[in-house]
Amino acid sequence: MPEGHVVHRLAAAFTDHFVGHVLAASSPQGRFAEGAAAVDGHRLLAAEAWGKQMFLGFEGDLWLRVHLGMYGMWRFSGPGLAGIGRRTGKEAEQDEDGRPLPRGAVRLRLASNTHIGDLSGPTFCGIETPAEKAAATAAIGPDPLRPGARPGRAWDIISASKMSIGQLLMRQNVIGGIGNIYRAELLFRARIEPHKPGRDLTRAQFDALWRDARALLRDGVRDGAIITTRPQDRPAGTPVVGRRMRRDARSYVAFRNGEPCRICGTPIAMELMAGRKLYWCPTCQIR
DNA sequence: ATCCGATGTCAAT
DNA sequence: TTGACCTCGGATC
């Protein structure tokens, strides 16, 4: 579910609604009882997003690191959190205190007096020391959503690599936060064929990719959805913006295997690249 | 009601 | 390169 924009939205939600509060932590499902106990009753001091990883900093030099992976999600309840994470569902059952019962296998519940965040299905979830947190963030490539990110680090790797730019963009140690959809859409918008070796990109091409990544990811944070099509390239009558936009109007190439390219009409191509589906337009994108 | 695929990563092979 | 993880939305019946 998440590329970097989702993680940044989540971190912002924690900053707005949980930071500054003493939190009760528990593991309804039981698999994270030890970690929950470590931060239970501690005040939350910070929430940070680095690429696809989120860090919650608690009193006592404790950092909770969460990576949602493919299935992980946060489900919130409390004021001001509509549209962040999965919906609680109005039919959610409540306990005698009016709090929503954990839905499904909730690995970690963080609760203030007013808000609840339920984490389920993360690929990683653990308590780390400041040193471990620093090591984890150091291993993440520049994140286009982070002020001060240094794209030169990514360029150094890309410009020296014979690996395809399609694969390089997916590597979190090259650029943090890009996933399969942004990868495909960025390369389409830059008109770069995904199999082009990284070292064959010009600096200008890389700079354009980086600028577009910043713009698209920021839009993603704003919209809560990945929408990369320019208005003039959407099907006529595509009504709404943002999260409510029809799925089939949101992307140029992602998930559009066999459908006509919005620019030239050529059927969109798809193949497996390093185990992930890669989509591109064989005509618009050139090596 | 049921099936399938998914915006990710890692370990095992 | 493949399977495991583990949950949901959306498509299909």
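Side-chain atoms are counted along with the backbone in the values below, which use heavy atoms only and exclude waters and symmetry mates. The chains referred to below are lettered A, B, ... by the order of the sequence lines, with proteins before strands, and numbering in each begins at 1. No experiment lies behind these values; they were computed from the predicted model shown.
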Indicate whether the side chain of A:H195 and that of A:E271 have a donor and an acceptor atom separated by less than 3.5 Å.
-> yes
side-chain N/O A:K52 vs B:dT9 OP1/OP2, d < 4.0 Å | yes
Proximal nucleotide (of B:dG8, C:dT7, B:dA6) relative to the A:S120 side chain = C:dT7
Stacked cation flag A:R256 on A:Y279, 6.0 angstrom / 45 deg = no
Per atom distances to the A:M170 side chain, the nearest of C:dT7, B:dG8, B:dT7 is B:dG8
How close or far is atom P of B:dG5 from atom CD1 of A:I181, stated in whole angstroms?
-> 16 Å
So, is A:R276 close to the B:dT7 phosphate, meaning a side-chain N or O under 4.0 Å from OP1 or OP2?
-> yes
Is A:H67 near enough to B:dG8 that one of its side-chain N or O atoms lies under 4.0 angstrom from OP1 or OP2?
-> no
Write down the distance separating the P atoms in C:dC8 and B:dC10, rounded off to the nearest Å.
-> 23 Å
Would you kindly give the CZ-to-P distance between A:R103 and C:dC8, to the nearest whole Å?
-> 6 Å
With a non-hydrogen cut-off below 4.0 angstrom, is A:A274 in contact with a base, only sugar-phosphate, or nothing?
-> nothing
So does A:R171 get a side-chain nitrogen or oxygen closer than 4.0 Å to the phosphate oxygens (OP1/OP2) of B:dT9?
-> no
Report yes if some heavy atom in the side chain of A:E48 is under 4.5 Å from a heavy atom in the side chain of A:K133; otherwise report no.
-> yes
Write down the distance between CZ (A:R250) and C1' (C:dG9), rounded to a whole number of angstrom.
-> 12 Å
Answer with yes or no whether A:Y71 presents, from its side chain, a donor or acceptor under 3.5 Å of a partner atom in the base of C:dC8.
-> no
Grab the CG-C1' distance between A:N173 and B:dT9 for me, whole Å please.
-> 12 Å
Determine whether the aromatic ring centres of A:Y182 and A:H5 lie less than 6.0 Å apart.
-> yes
With respect to A:Y252, which candidate in A:T228, A:T229, A:D233 satisfies the side chain to side chain donor-acceptor pair (under 3.5 Å) definition?
-> A:D233
Here the distance between atom C1' of C:dC8 and atom CG of A:D118, to the nearest Å, is 15 Å
Could you check how far CE of A:M70 sits from P of B:dC4, rounded to whole Å?
-> 17 Å
Tell me which nucleotide among B:dA6, B:dG8, C:dT7 gets nearest to the side chain of A:K277.
-> B:dA6
For B:dG5 and C:dG3, measure between their C1' atoms and round to the nearest Å.
-> 16 Å
Calculate the interatomic distance between A:L272 atom CG and B:dA6 atom C1'; express it in whole Å.
-> 13 Å
